[in-house]
2 protein chains.
Amino acid sequence: MAPTILIVEDDPAVRELLAFILKQNNFEITEVEDAESAQQKLLQKHPGLILVDWMLPGMSGVDFAKQIKANKSTTDIPIIMLTARGEEEDKVRGLECGADDYVTKPFSPRELVARIRAVMRRLVPHKSDEVATFGDLLLDPVRHQVSVAGKLLQMGPTEFKLLHFFMTHQERVYSRGQLLDWVWGANSFVEERTVDVYVRRLRTALEVHSYDAMIQTVRGVGYRCSAEAQ
Amino acid sequence: MAPTILIVEDDPAVRELLAFILKQNNFEITEVEDAESAQQKLLQKHPGLILVDWMLPGMSGVDFAKQIKANKSTTDIPIIMLTARGEEEDKVRGLECGADDYVTKPFSPRELVARIRAVMRRLVPHKSDEVATFGDLLLDPVRHQVSVAGKLLQMGPTEFKLLHFFMTHQERVYSRGQLLDWVWGANSFVEERTVDVYVRRLRTALEVHSYDAMIQTVRGVGYRCSAEAQ
DNA sequence: TTTTTTTGTGACAAAATTATTACGGCAACG
DNA sequence: CGTTGCCGTAATAATTTTGTCACAAAAAAA
């Protein structure tokens, strides 16, 4: 799933260039001309990153970035500011206002993409690092390992995420749709029955240590992670 | 283990900004509002670096820094001072305050992190110059040599840096992006796939002594250095 | 009991990820 | 100059993971 990038740029030529470069690099694009339209878009959906020009008609890029970073629901969205060459002061202020990086015009496509990737990988990982437990079962997000009494369990990435979710949300029933939202991500086009298959795979991975009963089926509703027997 | 940074800053906005930036860059954070609380914290545990504001309620940042440097048990802790532009800048620059470096507000995240890393490299040599071990494997940063039972292993500079990072950050999974940040530097324009190639080269170098299994692949996440078998 | 609905299971092809190899560029050095 | 060693990338091979389907099994409803 390609991350979406919101481009806020009033100059059509630059905007199209940006869109072109980013599309070439498999990013999804949303384009707007000013800060006001950008805020409209943000109400609908949060992009993976915002690319905003320093100079904009109406609200400036700096003020826009400030607003984004000040708002709790959007503060985690990375922002890269586009600035004209010159003025070191501008760069500093651009960063100080909350932008995570800047790119000076003219820029090379390579640099732009590199900076976007760098910022995203630094800002995206926001996961909890706490070890989750369920009886003797330990899930360590830092090591990315699951173990029972020191013995490691083997499983794929999705099974790991699913188990992590269950272990951190025990005793409560979740529908297949909810599990898709949490584990697969809110806008993934995946069949609900796929959840069944992964629950099965997870149970198989847990089976060797008799922990397969921890994921219980709640008929007509979904699944639950529980210590109590069915 | 990431170094801990003690932030001494009374302005909540600046404090949060600092904490935010540093957390993004893999530092552990302790935050306090004034010099007195900072001294309390120092009794419990020594941080890897202290970031202190020039202006503080109660004891000033300068006096605080002087105290830290005067005390034998804390004199080795690097101190970076935060100053506002124009705020007795020359005096601070004159190094009379005992700090090892200073950063003027407004600052860019890049500059802040760069200075922190620079100061830590400069002032905490005994830390990064310590011989790292992994079983029989020894890595000597001073001699720039890797050996097993006295036999030297041959490898290039990048493989060496990568191995050094892994040996000093065992058991934790790192994404390719994080490895690029740490080993190649925060703003290098290098493809993530390059990490794969260097892991391969490193494994090949370690292969002759059967240490190639120490770098483990964590599918969908990255790599990990671990003594435990997969 | 029979029918209907829901869930479990194994297999499979497509997609994604990682391993491995090869190559051109570049700087240091003779 | 040519050589050498290292760097980063690209191409390709090997491997794992992913999502879906068809069908079996189980549970609920009729």
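All chains are named by letter (A, B, ...) in the order of the sequence lines, taking the proteins before the strands, and each is independently numbered beginning at 1.
- When the nearest nucleotides of DNA chain D are assigned to Glu192(A) and Pro157(A) by heavy-atom distance, the more 5′-ward of the two goes with Pro157(A).
- The pair Glu159(A)-Arg201(A) does not meet the salt-bridge criterion, since no charged nitrogen lies less than 4.0 angstrom from a carboxylate oxygen.
- DNA chain C forms stems at C:1-30 with D:1-30, each a run of 3 or more consecutive Watson-Crick or G-U wobble pairs whose two key distances fall under 3.5 Å.
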- Message: Evaluate Arg224(B) against Gln145(A) for side-chain hydrogen bond (donor to acceptor under 3.5 Å, both in side chains), listing each step before the verdict.
- Response: CA-CA 11 Å; Arg224(B) 171 184 55 206; Gln145(A) 281 182 158; 3.2 Å; yes
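- In this structure, Glu28(A) does not pair ionically with Lys23(A), as no charged nitrogen and carboxylate oxygen lie closer than 4.0 Å.
- A close approach under 4.0 Å does not occur between any side-chain nitrogen or oxygen of Trp184(B) and OP1 or OP2 of dC7(D).
- Using a 4.0 Å heavy-atom criterion, one finds that Glu159(B) contacts the sugar-phosphate atoms exclusively.
- Residue Phe189(B) contributes atom CZ, which lies 17 Å from atom C1' of dC7(D) at whole-angstrom precision.
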- Message: So if I define the base as every atom that isn't primed, P, OP1 or OP2, how would nucleotides 18-30 of chain C read as a B/S/- string at a heavy-atom cutoff under 4.0 Å?
- Response: BSSBB--------
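- Atom CD in Glu191(B) sits roughly 17 Å away from atom P in dC7(D) (whole-Å rounding).
- Rounded to the nearest 0.5 Å, atoms CG (Asp11(A)) and CE (Met55(A)) are 12.0 Å apart.
- Among the protein residues, Phe160(A) comes within range of no part of the nucleic acid, since none of its heavy atoms lies under 4.0 Å from any strand.
- Proximity of the aromatic rings of Tyr198(B) and Trp184(B) is defined here by a centroid distance below 6.0 angstrom, and this criterion is met.
- Legend: residues meeting ring pair (Phe, Tyr, Trp, His ring centres under 6.0 Å) with Phe165(A), ordered by chain and number and at least two apart, are His169(A), Tyr174(A), Trp182(A).
- Interatomic distance, CD of Gln216(A) versus OH of Tyr223(A), reported as 12.5 Å (0.5 Å rounding).
- In this structure, Met155(B) atom CE and dG5(D) atom P are separated by 17 Å, rounded to whole Å.
- Judged purely by atom type and a 3.5 angstrom limit, Ser226(B) uses its side chain to pair as donor or acceptor with the backbone of Glu228(B).
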